[in-house]
Protein chains: 2
Amino acid sequence: MELPTWCEAEDWCPITVTSQLLGRKWHPVIIHRLLQKPMGFNELKRESNGISAKVLTESLEDLRKKKIIERSEMDDNAVRYNLTDTGKSLEPLINSMAEWGAENADKL
Amino acid sequence: MELPTWCEAEDWCPITVTSQLLGRKWHPVIIHRLLQKPMGFNELKRESNGISAKVLTESLEDLRKKKIIERSEMDDNAVRYNLTDTGKSLEPLINSMAEWGAENADKL
DNA sequence: CGGCATCCACATGGATACTG
DNA sequence: CAGTATCCATGTGGATGCCG
């Protein structure tokens with residue numbers, strides 16, 4: 001199957017789509033955390049070392065707009081964020097990124 | 001083998017290393033182009049639809065500092081940029097990004 | 001060809017404080 | 001717990017023109 005990996009127009013190529021999703025500082029971290037298990041706002045904040053509430057809010061909003069994650073309120077009013085199917089489909093990519101980063105961090 | 005995919009300190013995790021490399025708007029595109037073949041400045045500029053000379057200069061500089069690409073001057077004074085081994089090791093990641101982007105661009 | 005110099009606009013993120 | 005509201009600093013990229 002031929003996939004259009006090349007840019008097909010000014011300012012648009014498949015790579016860039018992914019890059020602009022995973023290039024936001026905290027997005028890949030958030031997705032990585034949610035791959036372990038669904039979490040609430042504050043747990044997610046704790047698990048993402050150093051993110052501010054503001055940026056977490058913005059990131060979650062962006063990821064929701066892009067249908068990568070879902071927000072649901074439980075019966076006890078607790079909030080849960082979890083990945084959509086689209087979000088889960090990023091798992092191999094996220095893992096590859098973590099692996100590449102672990103192996104090459106010292107070389108950069 | 002256990003790889004440290006998790007953040008090990010404030011402001012540092014393997015995922016973030018990769019994300020900050022591939023998250024710059026044109027970096028993945030440049031790497032993708034150079035995976036096809038080595039190129040000079042202007043050819044690379046033409047092949048990356050829409051990048052400005054300034055940003056291309058900055059990107060190449062950053063990628064060089066990170067040992068992802070190399071710059072060499074040929075005997076005829078022509079310039080060639082090509083990937084280092086570290087840069088080439090990004091190929092599967094770049095391809096996965098292009099693939100994911102092609103498959104999910106419409107859903108975002 | 002292979003850039004550099006400017007200037008400018010906006011995106012992104014950090015810090016801090018406050019709220020129901 | 002789950003956020004909002006401000007303010008501010010820097011990052012990042014675009015446009016344009018010039019140069020050897």
Side-chain angles (χ1 to χ4, degrees), chain A residues 7 9-13 15-17 19-31 33-34 37-66 68-82 108, chain B residues 7 9-13 15-17 19-31 33-34 37-66 68-82 108:
Chain A
C7 288
E10 285 276 321
D11 260 24
W12 191 87
C13 34
I15 293 183
T16 304
V17 170
S19 161
Q20 281 174 3
L21 173 67
L22 299 181
R24 296 285 299 274
K25 184 163 181 185
W26 295 100
H27 284 204
V29 175
I30 293 169
I31 296 168
R33 298 319 181 246
L34 293 179
K37 60 168 182 179
M39 285 179 221
F41 186 90
N42 283 298
E43 188 178 3
L44 200 43
K45 185 169 183 313
R46 275 192 307 276
E47 297 293 329
S48 312
N49 298 299
I51 192 171
S52 72
K54 182 201 146 203
V55 173
L56 180 53
T57 302
E58 287 170 355
S59 300
L60 291 172
E61 203 174 331
D62 185 49
L63 289 169
R64 254 195 331 146
K65 260 190 303 202
K66 294 176 174 159
I68 303 298
I69 63 172
E70 276 171 352
R71 193 193 111 119
S72 38
E73 276 186 56
M74 320 306 279
D75 291 342
D76 58 346
N77 292 324
V79 172
R80 305 262 98 192
Y81 289 97
N82 57 328
L108 306 185
Chain B
C7 289
E10 285 274 321
D11 258 25
W12 193 85
C13 34
I15 294 184
T16 303
V17 171
S19 160
Q20 282 174 3
L21 173 67
L22 299 180
R24 297 285 299 277
K25 184 163 179 184
W26 295 99
H27 284 203
V29 175
I30 292 168
I31 296 167
R33 295 324 179 242
L34 293 180
K37 59 168 182 178
M39 283 180 224
F41 187 90
N42 283 296
E43 187 177 4
L44 200 44
K45 185 171 185 310
R46 275 192 308 276
E47 297 294 328
S48 312
N49 299 298
I51 193 173
S52 72
K54 182 201 147 202
V55 174
L56 180 53
T57 302
E58 287 170 357
S59 300
L60 292 173
E61 203 174 332
D62 185 49
L63 289 169
R64 265 216 299 165
K65 261 190 303 204
K66 293 176 174 158
I68 304 297
I69 64 172
E70 275 171 351
R71 194 194 111 121
S72 37
E73 277 186 56
M74 318 308 277
D75 291 341
D76 58 346
N77 292 323
V79 172
R80 305 262 98 193
Y81 289 97
N82 57 327
L108 307 185

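Letters go in sequence order (proteins before strands), and every chain restarts at 1.
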- Which of dG3(D), dA2(D), dT12(C) is nearest the side chain of Asn42(A)? It is dA2(D)
- Looking at every strand, decide which applies to Arg71(A) at a 4.0 Å heavy-atom threshold: base, sugar-phosphate, or nothing. sugar-phosphate
- Message: What is the distance, to the nearest angstrom, from the CZ atom on Arg24(A) to the P atom on dG14(C)?
- Response: 11 Å
- Would you work out how much the helix from dC1(C)-dG20(D) to dG20(C)-dC1(D) bends between its ends, with each end axis defined by five base pairs, to 10 degrees? 50°
- Minimum heavy-atom distance between Ser19(B) and Leu22(A), given as atom pair plus value: OG-O, 2.9 Å
- Message: Against Ser59(B), only a single residue in Thr57(B), Val55(B), Asp62(B) fulfils side chain to side chain contact (heavy atoms under 4.5 Å, CB included); can you say which?
- Response: Val55(B)
- Rounded distance (Å) that lies between atom P of dT6(D) and atom CD of Glu58(A): 14 Å
- Work out which heavy atom in Glu43(B) is nearest to a heavy atom in Arg80(B); give both atom names and the distance. OE1-NH2, 4.3 Å
- Tell me which nucleotide among dG14(D), dG14(C), dG3(C) gets nearest to the side chain of Thr57(B). dG3(C)
- Item | Nearest-neighbour nucleotide for the Lys54(A) side chain, dG13(C), dC4(C), dG14(D) considered | dG13(C)
- Message: Side-chain N or O of Tyr81(A) versus OP1/OP2 of dC1(D): is the shortest distance under 4.0 Å?
- Response: no
- Closest non-hydrogen atom pair, Leu56(B) against Phe41(B): CD2-O, 3.5 Å
- Answer yes or no: does a side-chain N or O of Lys25(A) lie under 4.0 Å from OP1 or OP2 of dG14(C)? yes
- Message: Using the side-chain heavy atoms of Phe41(B), tell me which of these nucleotides is nearest: dG3(C), dG13(C), dG14(D).
- Response: dG3(C)
- Which heavy atom in Arg33(A) sits nearest to a heavy atom in Glu47(A), and how many Å separate them? NE-O, 2.9 Å
- Message: Could you check whether any side-chain heavy atom of Ile68(A) comes within less than 4.5 Å of a side-chain heavy atom of Leu108(B), counting everything from C-beta outward?
- Response: yes
- Task: May I have the distance from Leu22(A) (atom CG) to dT12(C) (atom C1'), rounded to whole angstrom?
- Result: 16 Å
- Item | Asn77(B) vs His27(A), nearer the 5' end of DNA chain C by closest nucleotide | Asn77(B)
- Looking at His27(B) and Leu63(B), what are the two nearest heavy atoms and their distance? ND1-CD2, 3.7 Å
- Query: Start at the 5' end of DNA chain C and walk down; is the nucleotide closest to Val55(A) or to Leu60(B) reached first?
  - Reply: Leu60(B)
- Task: Using only side-chain N and O atoms of Arg46(A), determine if any of them is under 4.0 Å from OP1 or OP2 of dA2(D).
- Result: no
- Message: So if I take every side-chain heavy atom of Val79(B) and compare against dG2(C), dG3(D), dG13(D), which nucleotide ends up nearest?
- Response: dG2(C)
